[in-house]
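Below is one structure, written out as structure tokens; comments come after it.
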There are 2 protein chains.
Amino acid sequence: MSAVRVVVADDQTVVRDGLVTLLKLLPGIDVVAAASDGEEAVRLVAEHNPDVLLVDLRMPKCDGVEATRRVRADHPGTEVVVLTTYSDDESVLSALRAGARGFLTKDADAESIGRALQAAAAGQSILDAEVQRRLIEGAATPKPADLAGSGLTPREIEVLRLIADGLSNTEIARRLVVSEATVKTHINHLFAKANLRDRAQAVAYAYRLGLA
Amino acid sequence: MSAVRVVVADDQTVVRDGLVTLLKLLPGIDVVAAASDGEEAVRLVAEHNPDVLLVDLRMPKCDGVEATRRVRADHPGTEVVVLTTYSDDESVLSALRAGARGFLTKDADAESIGRALQAAAAGQSILDAEVQRRLIEGAATPKPADLAGSGLTPREIEVLRLIADGLSNTEIARRLVVSEATVKTHINHLFAKANLRDRAQAVAYAYRLGLA
DNA sequence: CCGGATCTCAACCCCAGGGTTGACCCCGCC
DNA sequence: GGCGGGGTCAACCCTGGGGTTGAGATCCGG
């Protein structure tokens, strides 16, 4: 595989030069140009037709989101990886919607950046952990602690969680790779134990337990 | 940097063996064990404490989502990368919510898989392009689920709240002093508007809206 | 080794719940 | 006056969910 050709864009000279230097040390990465604002970035992409554009979000003239949009529109062969100081809610989504493949924060190390560039060139997408967490939203880490007192068996808790996700019995059966009869049995048991009448009450119960 | 220690889990022997062979050829990847079902995967993770678990979604005993949840709960030091044949809507989100770091389809090449494993071990997350696209689309409209923007009439919201309290249709009818037919009408309307299938999903919807 | 708990499954019954259609009233707005 | 939307109701159908019984498999602690 030949080296991934990259254009770097950042308005801060220190950051830009630092990035270029760092990336040049990485095997498989080839920095072909560096831009100091969005317009220049778009121009340089047109000129060099790189595999990836590594671009800062906050830039004068034309910001990262706008640059991303233009590049994706005019040069579908060039993937975009966004680099930013803050994993700020607003711009993140805008950039991703504009077609960015990857999203990194500036505390990423050289290897991480390199990996992201390689991945982008291959059509994969790498996200900063924090960004992915936000993207997935309901990252509410479950608390296996207090539901111990419910008297439910592990299997019953699993079933309850799936009920709370709005799945039907057949869907639950498929998910757990058991027969529907088994699912019904578990459900009847947990209804009896928790004094529930139907799955609607079960969903409410699950939410109160913090299962969803 | 030392090699990334990986446990592979897939119920299909061919796939599993193929993966192990492929991965062993990659520099920086160390396959320490291979499991043929979810339970075995969880057990092997406990035993070897690897950096990453590469797991298939569809497996007997305990599927990929379940395995992911358990591993993330019991072994926070082990990241999970999911591998699947089809980028099916449902399971993808479940897996990611369960704590998966990466998501690949089986048409990924060895290098892509290797990159994903490296990234996961470093706390980054790699997603299959298609999966990311879906994720972004989904996040694009995160909250049409606002009381005001839900398009529900006051009466429908009232009914929804009572459903979330676990009341049956006849109980709701008595409470609102209307006939059961009326209640069913309201329910059908709100199901259509909020794209719900049954009252169980309605309860979950109500909780997410903050109605209970 | 036996009893209890858990998980698994099958067959059956019954009805609440969900889908559909069509109807009437009342109110606000054009 | 006419039109639309919200609220009210009835009749129908039929699937899925909930209840029951009964039974085999496994595992574990006494």
Side-chain angles (χ1 to χ4, degrees), chain A residues 144 147-206, chain B residues 11 36-40 42-43 46 59-63 65-67 69-70 147-206:
Chain A
L147 48 89
S150 57
L152 300 181
T153 71
R155 202 55 160 173
E156 284 160 2
I157 293 179
E158 278 182 70
V159 171
L160 177 55
R161 184 182 282 118
L162 295 176
I163 289 180
D165 279 344
L167 302 198
S168 71
N169 287 343
T170 63
E171 286 167 339
I172 295 174
R174 255 202 302 277
R175 184 73 70 85
L176 297 182
V177 201
V178 297
S179 85
E180 196 177 335
T182 304
V183 174
K184 294 177 95 174
T185 305
H186 288 313
I187 291 182
N188 275 317
H189 286 165
L190 89 84
F191 278 12
K193 287 182 186 175
N195 194 28
L196 303 168
R197 197 204 309 158
D198 51 42
R199 59 208 298 109
Q201 291 189 353
V203 175
Y205 179 67
Chain B
D11 60 324
S36 58
D37 65 61
E39 285 179 1
E40 193 184 356
V42 175
R43 205 170 56 245
M59 283 189 306
K61 292 279 182 63
C62 135
D63 74 352
V65 176
E66 216 23 60
R69 199 189 313 280
R70 290 191 197 166
L147 248 302
S150 59
L152 299 182
T153 71
R155 203 54 161 174
E156 286 160 358
I157 292 179
E158 241 179 312
V159 171
L160 177 56
R161 185 178 278 119
L162 294 176
I163 288 180
D165 280 344
L167 301 198
S168 72
N169 287 344
T170 62
E171 286 167 340
I172 295 175
R174 257 201 298 278
R175 184 75 68 88
L176 298 181
V177 200
V178 296
S179 86
E180 195 179 336
T182 304
V183 175
K184 292 177 99 177
T185 305
H186 288 314
I187 290 181
N188 274 317
H189 286 167
L190 87 86
F191 279 10
K193 287 182 187 175
N195 194 28
L196 303 168
R197 197 205 308 158
D198 50 44
R199 60 207 298 109
Q201 292 189 351
V203 175
Y205 180 68

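Chain letters run A, B, ... following the sequence lines, proteins first, then strands; residues in each count from 1. From a predicted model like this one, the values you see are computed outputs, not experimental measurements.
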note: B:R197, atom CZ; C:dG17, atom P; distance rounded to Å ~ 17 Å
Sorted by position of nearest nucleotide on DNA chain C, 5' first, the leading residue of B:A200 and A:V178 is A:V178
Here the distance between atom C1' of D:dG5 and atom CG of B:L152, to the nearest Å, is 15 Å
Here the gap from B:I163 atom CD1 to B:N169 atom CG, rounded to the nearest 0.5 Å, amounts to 7.0 Å
Give one of base, sugar-phosphate or nothing for A:T182, where a contact means two heavy atoms less than 4.0 Å apart. base
From the candidates C:dG19, D:dC9, D:dG18, the one with an atom nearest any side-chain atom of B:S179 is D:dC9
| query | Does the side chain of B:N169 get closer than 4.0 angstrom to OP1 or OP2 of C:dG17 through an N or O atom? | reply | yes
A:I157 atom CD1 is separated from C:dC7 atom P, nearest whole Å, by 10 Å
**Message:** Using only atom types and a distance under 3.5 Å, with no angle test, would you say the side chain of B:D165 pairs donor to acceptor with the backbone of B:L167?
**Reply:** no
note: A:Q201, atom CD; D:dG18, atom C1'; distance rounded to Å ~ 12 Å
CZ (A:R175) and CD (A:E158) are apart, to the nearest 0.5 Å, by 11.0 Å
Closest to the side chain of B:P154, out of D:dG7, C:dG17, D:dG18, is D:dG7
Regarding the side chain of A:F191, the nearest nucleotide among C:dG19, D:dG19, C:dC7 is D:dG19
Picking from D:dG6, C:dG18, C:dC9, the nucleotide nearest the side-chain atoms of B:T153 would be D:dG6
In whole angstroms, the gap separating P of C:dA16 from CZ of A:R199 amounts to 17 Å
Closest to the side chain of B:N188, out of C:dT8, C:dT20, D:dT8, is C:dT20
Of C:dG17, D:dC9, C:dC9, the nucleotide closest to the side chain of B:A181 is D:dC9
When rounded to whole Å, the NZ to C1' distance for the pair A:K184 and D:dT15 reads 11 Å
Here the distance between atom C1' of D:dT8 and atom NE2 of B:H189, to the nearest Å, is 11 Å
State whether the number of non-hydrogen atoms from other residues, nucleotides or ligands found under 6.0 Å of B:R197 atom CZ is greater than 12.
-> yes
A:H186 has its side chain closest, among C:dC7, D:dG17, D:dC12, to C:dC7
In whole angstroms, the gap separating P of D:dC12 from CD of B:E180 amounts to 15 Å
Discussion item. Does B:T185 reach a base, just sugar-phosphate, or nothing at all? Heavy atoms under 4.0 Å.
Written reply: base
| query | Looking just at side-chain N and O atoms, do B:T185 and B:T182 make a donor-acceptor pair shorter than 3.5 Å? | reply | no
